[in-house]
Asks: 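Submitted below is the structure of interest, expressed as structure tokens.
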Amino acid sequence: MEKRPFDQLGVSAEILKAVAKMGFEEASPIQTAVIPVALTGRDIVGQSSTGSGKTAAFAIPAIERVEPARRVVQVLILCPTRELAVQVAEETGKLALFKKGVREVPIYGGQSYDRQFRALEAGVQIVIGTPGRVMDHMDRGTLRLDALKLVVLDEADRMLDMGFRDDIEKILSAVPEQRQLLFFSATMPRAIQELIGRYSRDPAWLKIEAQAQNAPQVEQVYFEVDRRSKLEALARLIDVHDFRYGIIFCSTKIMVDDLDEHLHSRGYAVDRLHGDLSQAQRTRVMEKFRERKFEFLIATDVAARGLDVDDLEVVFNFDLPNDAEDYTHRIGRTGRAGRSGRAFTFVSGQEIYKLQSMIRWAKLRIRRERLPSLDEVEEARANVFFERIRATLEAKQFKPHDRMIDRLLDQGYASTDICSALIHLLQGGPTTPAVVAPAKVERVASPPPGNAAVPGRSPIPAAGDGRAPRGTPADGEEETTPSAPSSERAPGKPKYDRPARTGREAGMTTLFFNVGRKQLVTPADIVGKIAGVTRLPADVVGAIDIHQRHTLVDVAESAAEVVLAKLAGIKLKGVAIAPARAGDETS
Ligand code: ADP
Ligand code: MG
């Protein structure tokens with residue numbers, strides 16, 4: 001099934017700009033098929049599966065046909081439901097963003113007529129509505145269709161199922177003879193074919209068949225995940241399966257960048273690939289990935305196309321692919337050469353319908369599973385950790401630390417206790433930040449202490465690994481709300497709306513320190529300084545969030561005044577500290 005870049009479809013510069021802004025890297029097959037033909041003015045009957053991008057397929061030619069200077073209705077798009085009308089209007093608005101003077105309005109039952117009158121009077125050119133409400137406006141004389149050039153029937157089969165046949169026929173009989181008609185339907189029952197026969201002239205039939213082959217070696221699973229919990233779900237699956245090599249697909253460049261940043265700050269070794277990177281950058285990333293210099297590649301479909309790797313353990317569809325063909329393409333990168341692979345797909349909310357239709361169309365063999373629970377993740381991490389210790393001992397891959405151990409033994413500690421204490425520290429126990437230096441400072445905005453312990457992915461069964469640094473959140477809401485700090489993000493908000501710093505414990509307060517990454521401050525510096533100067537135990541310090549020029553430090557409320565008083569004026573990395581309660585700081 002052919003796909004082409006948008007700039008080969010004969011669309012205007014304004015549309016090219018808009019699709020780029022929307023993150024569309026190339027036209028989908030139905031768009032590739034429909035747009036050039038629709039631009040010639042010919043009637044079209046388009047048929048393709050849900051989620052294949054039909055909206056832009058008709059909205060782009062619709063926008064192109066509008067003469068902005070004429071403030072009359074020139075395009076009418078009929079949709080079965082108000083939700084769809086609103087959705088189509090939104091997408092049309094985005095696509096028309098750079099077309100000066102082109103305006104669209106959804107009209108549907110349930111919304112006040114007043115607002116709709118005003119919009120219509122103001123001279124919108126594109127009306128998107130349900131057949132019932134469109135008829136109402138025609139009857140009232142508030143919607144004039146005599147300048148209409150283009151009519152679109154979106155989801156025609158559904159409109160007929162919903163009993164709109166009479167309305168549709170009335171509308172189609174009332175519009176000018178010389179108009180173009182674009183007809184979209186997932187199925188072509190007889191009633192639809194009759195409508196087409198009656199109202200369109202020599203239409204081009206453009207049907208996009210889903211014809212994905214299954215990849216039998218690939219175990220395919222999907223998970224229904226709330227949108228904002230996807231990151232947490234991803235981390236759990238990686239940890240439970242101890243995956244070390246895979247691709248994570250996202251639908252847009254923005255999502256790729258976001259996820260890259262979030263996974264980095266959780267300590268995963270990842271890199272990204274998308275169309276905004278230069279060819280040289282892309283080549284370098286692919287090379288590094290082939291050489292396994294990092295574990296997970298986050299990519300868009302298009303960017304990953306040139307990538308030739310065949311021993312992936314897993315492919316994640318962090319975002320659902322656009323169609324079954326992309327799906328097959330993506331998962332075909334694992335399970336090659338007789339090896340077994342896994343494909344994990346996330347669906348959230350309404351996407352389940354899209355996935356189900358892909359499953360039907362392409363006869364995918366994909367089963368549903370529930371996400372591993374926190375306990376399962378802990379257990380898996382513990383097992384992995386155990387195995388690593390054993391392997392390290394077997395292989396004798398460690399430097400002896402006899403002196404330190406002897407000193408501890410001399411002081412009367414039992415060897416089992418010493419080991420337990422070390423594991424506790426590695427797990428991100430309360431005093432961790434004082435003991436370990438953070439890894440990967442330049443890219444990690446502000447690693448939670450538990451995470452900072454180990455470069456790359458922590459193989460440690462850390463209770464707080466990547467989640468609330470102090471203590472494991474109780475089951476329920478909290479559990480699925482990831483807390484990787486995102487306060488240092490460059491422009492653009494994370495897609496999944498996670499609070500930047502969740503889970504500050506009761507009894508903790510946040511202090512502002514006027515030193516940061518610029519001074520190469522580490523969590524250990526902060527905790528060390530606080531503990532050293534105040535003589536308070538290090539565990540009065542909680543989460544530490546290091547920014548470029550300042551640091552946010554959670555401390556026990558009971559210790560806050562002491563810390564504020566004793567640390568004022570003390571030098572840290574050559575800077576006199578002026579601590580303040582966060583929010584009070586003057587600088
Ligand atoms: P359909 O009407 O065929 O079910 P939609 O038009 O609703 O599909 O599109 C499904 C999703 O795919 C939407 O979120 C849309 O923004 C997105 N989409 C459409 N075209 C593209 C494209 N060329 N590249 C990336 N995403 C696209
Ligand atoms: Mg649609």
Side-chain angles (χ1 to χ4, degrees), residues 1-9 11 15-35 44-63 77-97 106 128 130 152-159 182-187 206-210 227 249-256 274-275 299-305 317-327 329-330 347-358 360-361 495:
M1 248 158 291
E2 202 199 2
K3 291 175 169 188
R4 287 215 303 251
F6 279 100
D7 62 11
Q8 286 180 21
L9 302 182
V11 300
I15 291 288
L16 290 180
K17 222 168 133 185
V19 292
K21 183 158 195 281
M22 290 166 79
F24 296 0
E25 292 193 70
E26 62 175 0
S28 71
I30 189 76
Q31 291 161 359
T32 302
V34 165
I35 293 170
I44 285 173
V45 177
Q47 197 181 356
S48 66
S49 61
T50 312
S52 54
K54 290 188 285 291
T55 314
F58 60 72
I60 290 174
I63 293 164
I77 300 171
L78 294 175
C79 301
T81 65
R82 57 189 278 180
E83 286 77 22
L84 270 172
V86 169
Q87 222 173 295
V88 169
E90 270 172 14
E91 183 136 333
T92 305
K94 286 186 201 158
L95 288 165
L97 189 64
I128 300 121
T130 50
V152 179
L153 270 68
D154 188 19
E155 307 208 7
D157 48 353
R158 256 180 93 192
M159 288 200 281
L182 309 183
F183 225 101
F184 287 88
S185 197
T187 58
L206 304 172
K207 182 172 176 178
I208 303 297
E209 305 250 21
R227 195 172 293 279
F249 282 101
C250 296
S251 56
T252 65
K253 301 171 209 174
I254 302 160
M255 290 296 297
V256 168
H274 63 54
T300 57
D301 293 285
V302 177
R305 202 158 289 168
N317 294 310
F318 192 78
D319 294 320
L320 199 60
N322 265 319
D323 51 42
E325 202 202 5
D326 276 348
Y327 176 84
H329 223 102
R330 287 181 179 186
V347 288
S348 31
Q350 302 288 314
E351 283 177 353
I352 186 66
Y353 299 112
K354 184 165 156 182
L355 179 69
Q356 279 164 352
S357 104
M358 276 166 41
R360 265 198 311 276
W361 271 70
K495 269 284 175 287

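Whatever order the structure lists ligands and atoms in, that order sets their numbers, starting from 1. Every value quoted in this text rests on a predicted model; they were computed, and no experiment measured them.
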Asks: Quick one: pull up CG in L206 and CD in Q31 and give me the separation to the nearest 0.5 Å.
Replies: 13.0 Å
Asks: Any nitrogen or oxygen of E25, main chain or side chain, under 3.5 Å from a nitrogen or oxygen of ligand 1?
Replies: no
Asks: Any heavy atom of E26 closer to ligand 1 than 4.0 angstrom?
Replies: yes
Asks: Tell me the contacting part of Q87 for ligand 1: side chain, backbone, both, or neither, using a 4.0 Å heavy-atom threshold, strictly below.
Replies: neither
Asks: May I ask you to decide if the ring planes of F6 and F24 are parallel, tilted or perpendicular, using 30° and 60° as cut-offs?
Replies: parallel
Asks: Return the closest protein heavy atom for atom 20 (N) of ligand 1 as residue, atom name and distance.
Replies: Q31 NE2, 2.8 Å
Asks: Among all protein non-hydrogen atoms, which one is nearest to atom 8 (O) of ligand 1, and what is the separation to 0.1 Å?
Replies: G53 N, 3.1 Å
Asks: How close does the nearest protein non-hydrogen atom get to atom 1 (P) of ligand 1, and which residue and atom is it?
Replies: G51 N, 3.3 Å
Asks: Enumerate the atoms of ligand 1 whose separation from the nearest heavy atom of E91 is less than 4.0 angstrom.
Replies: 15 (C), 16 (O)
Asks: Could you list the atoms of ligand 1 found under 4.0 angstrom from a heavy atom of S28?
Replies: 23 (N)
Asks: May I ask you to identify the nearest protein heavy atom to atom 7 (O) of ligand 1, giving residue, atom name and distance to one decimal place in Å?
Replies: T55 OG1, 3.6 Å
Asks: Does ligand 1 have any atom sitting under 4.0 Å from a heavy atom of F6?
Replies: yes
Asks: Begin from the C-alpha positions of E91 and M22 and carry the test side-chain contact (heavy atoms from CB on, under 4.5 Å) through to its verdict.
Replies: CA-CA 9 Å; E91 183 136 333; M22 290 166 79; 4.0 Å; yes
Asks: In terms of residue, atom name and distance, what is the protein heavy atom nearest to atom 18 (N) of ligand 1?
Replies: F24 CZ, 3.4 Å
Asks: So which heavy atom in the protein is nearest atom 12 (O) of ligand 1, and how far is it from that ligand atom?
Replies: N322 OD1, 3.0 Å
Asks: Side chains of I208 and S52: does their closest heavy-atom pair fall under 4.5 Å?
Replies: no
Asks: Are E25 and T300 close enough that a side-chain donor and a side-chain acceptor fall under 3.5 Å?
Replies: yes
Asks: Got a second to check how far D319's CG is from T252's OG1, nearest 0.5 Å?
Replies: 6.5 Å
Asks: Carefully, step by step, assess V88 and F58 under the rule side-chain contact (heavy atoms from CB on, under 4.5 Å).
Replies: CA-CA 10 Å; V88 169; F58 60 72; 3.9 Å; yes
Asks: Counting only non-hydrogen atoms of the protein, does one fall under 4.0 Å from atom 14 (O) of ligand 1?
Replies: no
Asks: Using a 4.0 Å cutoff against the non-hydrogen atoms of S52, which atoms of ligand 1 qualify?
Replies: 1 (P), 3 (O), 8 (O)
Asks: Please step through side-chain contact (heavy atoms from CB on, under 4.5 Å) for the pair N322 and K354, ending with a clear verdict.
Replies: CA-CA 9 Å; N322 265 319; K354 184 165 156 182; 3.7 Å; yes
Asks: Taking NZ, NE, NH1 and NH2 as the nitrogens, is one of them in D301 or K3 under 4.0 Å from a carboxylate oxygen of the other?
Replies: no
